[in-house]
Amino acid sequence: MIELKKLNYQYNDLMSVIDAETMEIHHSKHHQGYVNNLNAALESVGRANETLETVVQDYNNYEERIKSTVRNNGGGVVNHNLYFGQFSPSASDISSNFQEIITKKFKTTELMIEELISSGLKRFGSGWAFLVLNKGELEIMSTPNQDNPLMLETDIFPLIAIDVWEHAYYLKYQNRRPEYLANVVKLINWKTIEDRYEMALKKDISYIN
Ligand code: MN
């Protein structure tokens, strides 16, 4: 059975950017909902012991009748594990090592962030913006709904995951997605992203749990 990932901070710890009510509903209702729906679908076909790694990488081979449920809710679980797991209540610095890796591709970290924000802005309707490692290269990409990059191609590893569903920001920002995006990137814990990068290089996706 897949469990809801616990936060390593409190709902009100990110209040300068995301209010406690949004955090609580997002985690205890939306994220929990994806977990429950995924577990129900897996149980219905006798796959209750499935790991999240198998869910995202192998869902396409699942029984037809649960495929889209697993895609939406499995993706939902992984995306939210990555989203909530990447924030830190206090500001964090990028190591010089990781900064070098980012600047090699994007010139500066600021330009990478700009591209990430712009990708989230351009996503029409609900979806996600990601920094990914794609065949050894850092890239910005966006997916619709709850699709996770690992589900599209098992060799695209999500490192930063930004939720642009309205449920992520509507209470505080209403229709102001640009403002939410400009603020939410300030919460990123760069040590976490660098750790994910190191694991992705080794094709170890256990960090999605
Ligand atoms: Mn969400």
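In each ligand, atom 1 is the first atom listed, and ligand 1 is the first ligand listed.
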Review point. Hey, is the Mn ion (ligand 1) within less than 2.8 Å of some N/O/S atom on H26?
Key: yes
Exercise for review: Verify, without hydrogens or angle tests, whether S28 (side chain) and E24 (backbone) share a donor-acceptor contact under 3.5 angstrom.
Suggested key: yes
**Study point:** Side-chain donor or acceptor of W128 paired with backbone N/O of R123 under 3.5 Å
**Key:** no
Review point. Which single N/O/S atom of H80 lies at minimum distance from the Mn ion (ligand 1)?
Key: NE2
Review point. Among the N, O or S atoms that D163 has, which is closest to the Mn ion (ligand 1)?
Key: OD2
Exercise for review: Provide the closest heavy-atom pair for V45 versus I66 in the form atom of the first, atom of the second, distance.
Suggested key: CG2-CD1, 3.5 Å
Review point. With the 4.5 Å side-chain cut-off for hydrophobic clustering, are Y11 and I25 part of the same group?
Key: no
